[in-house]
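Reminder, nothing fancy here: chain letters follow the sequence lines and each chain counts from 1. Below, all heavy atoms of this structure are taken into account, side chains as well, without hydrogens, waters or symmetry copies.
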Amino acid sequence: MDYLKSLNEPQYEGAVNTEGPTMIIAGAGSGKTRVLTYRIAYLIEKKGVDPFNILALTFTNKAAKEMRDRIEKVVGTEARNLWMGTFHSVFARILRAEADKLGYPSNFTIYDTDDSKQLIKSIVKELGLDDKIYKPNVVFNRISGAKNRLISWREYINNPIFRADDESNMKPELGKIYKIYSERCFKAGAMDFDDLLFNTNVLFKQHIDVLNKYQQRFHYVMVDEFQDTNISQYLITKKLSAVRQNICVVGDDAQSIYAFRGADIQNILNFEKDYPDLRVIKLEQNYRSTKTIVNAANAIISKNRAQLKKNVWTDNDEGSLIELLKANSDNEEGKLVASSIFEEKMQNQLQNSDFAILYRTNSQSRAIEEALRRMNIKYKIVGGLSFYQRKEIKDLMAYLRFAINHNDEQSLRRIINYPKRGIGDTSVDKIIVAANDHDISLWEVLTNISSFLPGRAANAVMDFVTLIKRFKHDIETKDAYEAANLIAKGSGILKELYEDKTVEGLSRYENVQELLNAVKEYVDDPEKEDKSLGAFLQEIALITGVDNDKDDGEEKVTLMTIHMAKGLEFKNVYIVGLEEDLFPSQMMLSSRADLEEERRLFYVAVTRAERKLFLSYALSRYRFGRLKNCEPSRFIDEIDPMFIKVSKKYGKVESSGLSGDDYAKNFINGMRKTTTSRPVAKTSTYKPSADFEPSDTSGLQAGMKVEHPKFGYGMVTEMDESGANRKAKVHFDDFGEKTLLLSFAKLKIHSN
DNA sequence: GTAGTAGATGTTTTT
DNA sequence: CATCTACTAC
């Protein structure tokens, strides 16, 4: 038990108190994974628990794999038998085994978000509804939200509150769409991500014997990142541990960043009520970061209203100040960051892998990438458009999926006319309508197509059916690799891509080959028992971009979204694009709770840094083909200026406006004006006059009336000249109180 | 009814 | 900037 000696007191408590309900509140960088790892190792080694009886749930496959590796290092290969994985993968596995009890085939397809949205889109179209009002995104989120709160379509339709809510949002048909969506998924033998959890709940509720079986199996249940669980997930773990009560959850309310996915911070805040004899352990010592970073992070999160009491502190050095870089444009921002990395590397003997660049949205990576390439700094992007989301991969996967599950509507839509075989949209719509109107399966329509379509189209469909039957035969008689190869060739996808000699076409062809290689690797892996194509598809259905990152051993700077940065740490971290409306995102600013989530997101990002933290923002950004004005993020103001050093070295803002890159872009776009302003928030009717000319703000004082090009008229309530930047608090008529950095704010002084 | 093309149109985060 | 939509020609 040597490893236990390396733990501090609360960590040790967390590792050895294995019986009864336990909640570990783990501040950022406090060694939570370590505690969880040793806890499991302790159970196996000291308590002699069979790994088969331990269930450990994580949020990403990566986290699961990492923890399994770490446990394996301590207890050896026995750790392989642990039930460890994401909620989705563990319960998909259980659902496959019990699928018949819910009326699903065991080879059910898993729809990703893309599939779900496509299906919603076609349903909206079939119902003759306006897709400007019933936007697939919005409808999907509403359905997803309902499922995550375990509200079935029946309950949804019968609930007057939802109805009233939807009607006031001008979307009275949402319940109907939810119903049809659920029915169509069921008919297609498909579950979406939320169904994996929703249906597990249904399974455990309807089949007590099944629940009992798994209650008997899992003697110990552990949940990592508990703050990110939604109700649906929480209830599953609660049910599973109901008999033995050995449930241990680890989390940090300050790091809850998945509310948009239904994560409910109340889970962690209310856990105590559900388990009155709960043991609560707090890990408050941060081992990762400097005092400056810990304090700056605490400053941000302390502004949140709902939180658990916790005092994160560190013994580490004071460290250097947080550097604030400002740039004229996103391209210049990229250059600043790239050259800063270059210098840091030289001065402090660091490697590329010591650096991470974090951003709020994936699209922000472009400008950074360009700059890094120019300075010849190697980088890798984690996440983003994952391999399995690429069109060519999805196409081939659709063939594989459909050859296994002949009722998978979304896959059929993808492949029935790709490559082109003379079956147009109208025919496809007819097929799907026929299946629904006559209440028969898609495959039945396809195999009896002459009753539904006129001659020419029917012939094309019959050829397609023959093709699929052949593929099915291949799958049943050959291993996954051979079958996939035959399907790639037989479908015509390989030929289609091979003939495309453009750069993109070439890379698509290579990607398909890459997928085939992945199948081969799977088949050749001695640890995999089931070598069928079905088994392969099941395994990769829940794999995402992060898990897929291949390491070729080269030292690289890591680029990723802040969400992906969870659980990682780097010596130097750059957070870019710290602009109002981008981070915090304007889409999130509908309520105070949403702003709190953005703060937690920022907190997570900040605490990734071990030694140095760089914040940067651009005053204008080239997005979606347009150049837009930006303002520095309010988060900069929420950190005590004591911790910030405005970098003079890099942040040279020239008054002339645009850098070379942007001039070039403007020229190409034929734009004479340097910038166009961002659209104003919905509630506002304010439009700045065309000749808006900012005034000199040097004499600005509390009580003065001002005009802002975006926020309209307001009154200065407070001036702050103490820090590096002069700031003014302004109460705007339409937008409430804002803090403005005066060196950037475009203000017109009207009177006093 | 299908295929090809020119023009319009969004754009958050992840399992 | 890639994807979707509307239009035209077969």
Look for any protein N or O under 3.5 Å of an N or O in nucleotides 2-9 of chain B and output each such pair with its distance, or none.
| residue | atom | partner | partner atom | Å |
| --- | --- | --- | --- | --- |
| dT2(B) | OP1 | G424(A) | N | 2.7 |
| dT2(B) | OP1 | S427(A) | OG | 2.7 |
| dT2(B) | OP2 | T426(A) | OG1 | 2.6 |
| dA3(B) | OP1 | G422(A) | N | 3.2 |
| dA3(B) | OP2 | N417(A) | ND2 | 3.1 |

Nearest whole Å is fine: how far is [N] [atom2] from [X] [atom1]?
X: Y388(A); N: dT14(B); atom1: OH; atom2: P; answer: 18 Å
X: Q255(A); N: dT14(B); atom1: CD; atom2: P; answer: 17 Å
X: F452(A); N: dG1(B); atom1: CZ; atom2: C1'; answer: 19 Å
X: R366(A); N: dC1(C); atom1: CZ; atom2: P; answer: 6 Å
X: M560(A); N: dT12(B); atom1: CE; atom2: C1'; answer: 17 Å
X: F140(A); N: dT12(B); atom1: CZ; atom2: C1'; answer: 14 Å
X: D112(A); N: dT15(B); atom1: CG; atom2: P; answer: 12 Å
X: M564(A); N: dT13(B); atom1: CE; atom2: C1'; answer: 9 Å

Would F59(A) pass as stacked on dT15(B), i.e. its ring centre under 5.5 Å from the base's six-membered ring centre and planes under 30° apart?
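F59(A) ring does not meet the centre or angle cut-off for dT15(B); no stack.
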Looking across every strand, which nucleic acid part, if any, lies under 4.0 Å from K430(A) by heavy atom: base, sugar-phosphate, or nothing?
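The answer is sugar-phosphate, as K430(A) gets under 4.0 Å only of primed atoms, P, OP1 or OP2.
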Report the residues that fulfil side-chain hydrogen bond (donor to acceptor under 3.5 Å, both in side chains) with [X], sequence neighbours left out, ordered by chain and then residue number.
X: K239(A); result: none
X: S232(A); result: N201(A)
X: S365(A); result: E369(A)
X: N141(A); result: none

Along nucleotides 2-10 of chain C, 5' to 3', which nucleotides get a B, which get an S, and which get a -, given that the test is a protein heavy-atom distance under 4.0 Å?
--S------
Could you name each residue pair satisfying salt bridge (Lys or Arg N to Asp or Glu O under 4.0 Å) that touches residues 137-150 of chain A, not counting sequence neighbours?
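Output for this query lists R142(A)-D165(A), R142(A)-D166(A), K147(A)-D192(A), K147(A)-D195(A).
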For [X], give me all partners under side chain to side chain contact (heavy atoms under 4.5 Å, CB included), at least two apart in sequence or on another chain.
X: D112(A); result: D114(A), D115(A), F193(A), K394(A)
X: D437(A); result: V433(A)
X: N107(A); result: P105(A), I404(A)

Tell me which residues in residues 86-96 of chain A put a heavy atom below 4.0 Å from DNA chain C, sorted by number, or none.
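Within residues 86-96 of chain A, no residue comes under 4.0 Å of DNA chain C.
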Between K566(A) and Y258(A), is NZ or CZ placed under 6.0 angstrom from the six-membered ring centre and within 45° of the ring axis?
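Verdict for Y258(A): no cation-pi partner in K566(A).
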The criterion is ring-ring contact (aromatic ring centres under 6.0 Å, His included); which residues satisfy it with F452(A), sequence neighbours excluded?
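With neighbours one apart ignored, the set is H438(A).
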Using every non-hydrogen atom in the two residues, find where L467(A) and R421(A) come nearest and quote the distance to one decimal.
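Between these two residues, the closest heavy atoms are CD2-NH2, 3.6 Å.
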Answer yes or no: does a side-chain N or O of N362(A) lie under 4.0 Å from OP1 or OP2 of dT12(B)?
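No, N362(A) has no side-chain N/O under 4.0 Å of OP1/OP2 on dT12(B).
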Would you indicate, yes or no, if dT14(B) has its OP1 or OP2 atom less than 4.0 angstrom from a side-chain nitrogen or oxygen of T561(A)?
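Affirmative; the distance criterion is met.
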Less than 3.5 Å between a donor and an acceptor, one on the side chain of T113(A) and one on the base of dT15(B), is that the case here?
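Indeed there is one.
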Would you mind telling me which of dT15(B), dT12(B), dT14(B) lies closest to the side-chain atoms of R360(A)?
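Among the listed nucleotides, the one closest to the side chain of R360(A) is dT12(B).
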Closest nucleotide among dT13(B), dT15(B), dT12(B) to the H563(A) side chain
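So the nucleotide nearest the side chain must be dT13(B).
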Test Q538(A) against R96(A) for side chain to side chain donor-acceptor pair (under 3.5 Å), laying out the working first.
CA-CA 9 Å; Q538(A) 283 166 34; R96(A) 292 225 186 262; 3.3 Å; yes
